[in-house]
Amino acid sequence: MFKTLYAKLAAVLLGLFCLIGVFYVLLTLFTTQMHLQEVNQKLNRTLAEHLVSKNILMTEGRINEAVLKDIFHMLMVINPSIEIYLLDSSGRILAFSAPPGKVKRQEVSLEPIRRFLNKNATLPILGDDPRDVSRKKIFSVCPIPVTGPVEGYLYVILSGEEYDSVAQMLQGSYILRLSTGVVIGGLLFALLAGLVLFNLLTRRLRRLASTMEAFKQSDFSEPLKQSVHDKGRFGDEIDRLGETFNQMTDRIVLQMTKLKETDALRRELVANVSHDLRTPLASLQGYLETLLLKEGTLTPKEHRNYLEVATKHSERLGRLVSELFELAKLDSHETQPHVEPFSLSELVQDVVQKFRLAAEKKKIRLRAELRKDLPFISADIGLIERVLENLIENALRYTPERGAITLALVLNNDRVKIQVADTGCGIPEEELPYIFDRFYRVEKHERSDGAGLGLAIAKRILELHGSSIEASSVVNNGSTFTFHLPVSR
Ligand code: ADP
């Protein structure tokens with residue numbers, strides 16, 4: 001029933017206002033009664049004294065019956081709500097003005113009487129009601145005689161108008177009715193205003209809750225169609241909650257997308273890896289089995305030929321496994337670049353030297369354009385060497401005889417631009433965006449020994465250095481790979 005926050009708040013507010021209303025009515029009843037009693041007792045304070053001083057009610061301890069009767073009669077006519085009791089000095093009731101059987105007490109307490117007789121006492125003072133053992137009433141009292149030793153008391157109960165219920169009291173007083181009406185009206189207005197306000201405040205919470213629900217239904221994969229705090233901004237806790245939720249959903253959606261992509265990539269990778277491992281492995285196995293089967297029947301030349309092919313396949317297999325392992329290590333952050341300042345010119349010269357023989361074999365001109373005053377750069381020397389090797393290996397692989405490969409280093413503000421350019425077969429423009437993907441190989445190119453991981457490794461290494469690599473190419477004209485590294489400070 002009270003599932004929504006609004007319903008709960010409304011119920012609490014209603015309960016609170018009812019409580020305030022009841023409290024107000026009870027308080028009014030109590031204070032009004034006290035006020036009436038105070039006024040009544042103050043007005044009639046000297047009534048008993050007046051009666052005692054004007055009439056001789058007792059002489060030497062005996063009641064003056066005739067005088068008493070006259071007084072009873074007179075007061076009954078003037079004010080029937082007044083009750084008169086004649087008490088002895090200990091408070092015992094000697095005579096009264098009520099019909100027989102009405103009086104329930106034998107005596108009344110003297111303590112309130114003494115308090116009343118003290119002129120400084122604050123009124124109202126309530127004394128025992130002889131007609132009801134459980135009730136107290138206002139009174140006027142006077143010792144008999146007024147001065148001298150006390151023989152008894154004239155005890156006058158000033159019943160006046162008394163209200164037993166709220167309704168009775170309201171009926172009796174126009175002012176009370178009016179003020180109660182005003183208070184109830186005020187409470188109702190405040191309740192209404194409170195409900196409207198709560199509705200306004202909880203509306204944003206309701207919207208937030210329904211957006212969260214919708215996001216949950218979408219399996220946490222769909223971004224929020226509408227920002228939680230699109231309508232109105234208050235900068236309060238609800239807005240902050242909405243903002244945090246927005247950021248959270250963005251993050252979750254991003255992570256989910258990444259997770260899905262990674263999962264798809266992993267599947268593809270496993271498929272590619274198994275395919276790429278199976279092919280050379282099957283060939284290797286085939287050649288070795290043939291060697292075993294035809295043992296003795298093969299000429300030494302054929303024998304050597306078979307062994308050479310098998311070795312080539314096993315080399316390819318080994319390279320593939322080590323490349324995969326290298327990439328996995330780079331991905332898992334196991335390999336962290338050990339950044340240090342070093343001379344890039346020297347590194348380039350070393351790498352060029354390493355490939356010189358292979359280049360000469362293919363009659364390719366491999367050269368480095370270096371500047372003597374190039375500053376040191378900050379990077380992991382081993383990993384950058386790997387990048388250069390991969391790029392030169394590719395250039396050598398895809399450049400025909402009599403071509404040229406040029407490595408150029410250019411200082412560009414606080415970075416050094418490194419370019420590896422060749423005059424090879426080039427890469428079709430539409431394939432350029434994919435060549436850095438794992439296992440990607442350009443269809444038209446002759447099948448090489450590579451597994452399509454060289455550029456992916458280079459890209460990952462540069463990513464770990466906070467850099468990137470770009471490729472530009474013109475088919476049958478050549479390709480250029482460019483990346484930047486920071487100058488050491
Ligand atoms: P692979 O080991 O097959 O060379 P890479 O990741 O190094 O794998 O390169 C991906 C693909 O990009 C290659 O298969 C090749 O088709 C193309 N490629 C890379 N470098 C060059 C280049 N210098 N010239 C032409 N094509 C290239």
Side-chain angles (χ1 to χ4, degrees), residues 265 268-269 271-280 283 312-331 348 351-352 354-355 358-359 361-369 383-408 418-464 467-483:
L265 211 73
E268 197 187 309
L269 206 78
N272 285 331
V273 167
S274 47
H275 174 263
D276 277 58
L277 287 177
R278 215 163 343 140
T279 319
S283 304
K312 218 176 111 195
H313 282 301
S314 87
E315 270 171 7
R316 191 178 164 207
L317 207 63
R319 196 167 46 241
L320 180 64
V321 170
S322 71
E323 272 184 352
L324 270 173
F325 184 60
E326 195 180 344
L327 203 58
K329 273 206 311 192
L330 286 169
D331 274 347
V348 167
V351 179
V352 165
K354 213 191 275 183
F355 286 94
K361 250 190 192 172
K362 265 190 104 177
K363 298 192 180 64
I364 289 173
R365 208 153 65 92
L366 174 63
R367 61 191 187 92
E369 284 175 6
L383 292 177
I384 298 305
E385 184 178 4
R386 185 83 175 101
V387 174
L388 290 171
E389 281 172 1
N390 283 4
L391 293 179
I392 298 174
E393 255 174 34
N394 278 349
L396 279 172
R397 201 177 286 153
Y398 301 105
T399 306
E401 282 192 8
R402 298 186 202 289
I405 300 170
T406 313
L407 275 88
I418 301 119
Q419 274 190 323
V420 180
D422 62 54
T423 56
C425 61
I427 304 158
E429 205 183 334
E430 63 279 9
E431 303 212 40
L432 270 177
Y434 308 107
I435 55 166
F436 295 101
D437 291 354
R438 282 143 207 228
F439 295 103
Y440 191 84
R441 278 178 288 206
V442 177
E443 278 292 319
K444 283 182 203 147
H445 290 173
E446 219 175 277
R447 267 270 176 263
S448 72
D449 283 355
L453 292 174
L455 287 182
I457 290 174
K459 185 185 169 202
R460 189 77 194 107
I461 289 175
L462 289 168
E463 271 173 5
L464 288 177
S467 185
S468 60
I469 181 163
E470 285 125 43
S472 63
S473 185
V474 177
V475 175
N476 296 328
N477 220 333
S479 316
T480 305
F481 289 83
T482 311
F483 62 94

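For ligands, and for the atoms within them, numbers begin at 1 and follow the listed sequence. Excluded from the calculations below are hydrogen atoms, water molecules and symmetry mates; all remaining heavy atoms, backbone and side chain alike, are included.
Here the shortest heavy-atom pairing between Lys459 and Phe436 reads CD-CB, 3.6 Å. The nearest pair of heavy atoms linking Pro400 to Ile364 is O-CG1, 3.8 Å. For the pair Ile427 and Glu431, the tightest heavy-atom approach, listed with the atom from each and the gap, is CG2-CB, 4.2 Å. Nearest heavy atom pair, residue Ala458 against residue Asn390, reads N-ND2, 4.3 Å.
Ligand 1 is never approached by Glu323 to a heavy-atom distance shorter than 4.0 Å. Using a 4.0 Å cutoff on heavy atoms, Gly424 does not count as a contact of ligand 1. No heavy atom of Phe436 sits closer than 4.0 Å to any atom of ligand 1. Using a 4.0 Å heavy-atom cutoff, Asn390 is absent from the residues neighbouring ligand 1.
The pair Arg460-Glu463 counts as a salt bridge, with a side-chain nitrogen and a carboxylate oxygen less than 4.0 angstrom apart.
Atoms of ligand 1 found under 4.0 Å from any heavy atom of Leu453 (numbered from 1 in listed order, with element): 6 (O), 8 (O). Short contacts between ligand 1 and Arg441, defined as distances under 4.0 Å to a heavy atom of the residue, involve ligand atoms 3 (O), 14 (O). Annotation for ligand 1: atoms under 4.0 Å from non-hydrogen atoms of Arg397 are 1 (P), 2 (O), 4 (O). Listed by number with element, the atoms of ligand 1 under 4.0 Å from a non-hydrogen atom of Ile435 are 10 (C), 12 (O). Annotation for ligand 1: atoms under 4.0 Å from non-hydrogen atoms of Gly452 are 1 (P), 2 (O), 3 (O), 6 (O), 8 (O).
Residues passing the side-chain contact (heavy atoms from CB on, under 4.5 Å) test with Glu315, sequence neighbours excluded: Thr311. Residues that satisfy the side-chain contact (heavy atoms from CB on, under 4.5 Å) test with Leu317, not counting sequence neighbours, are Leu277, Pro280, Leu281.
Taking only nitrogen or oxygen atoms, main chain and side chain alike, Leu455 reaches within less than 3.5 Å of ligand 1.
One option in Tyr398, Phe439, Tyr440 has a heavy atom closer to atom 15 (C) of ligand 1 than any other, and that option is Tyr398. Taking only non-hydrogen atoms, the option from Asn394, Val442, Asp422 nearest to atom 7 (O) of ligand 1 is Asn394.
Between Tyr434 and Tyr440, the ring planes are tilted. Angles from 30° to 60° get that label.
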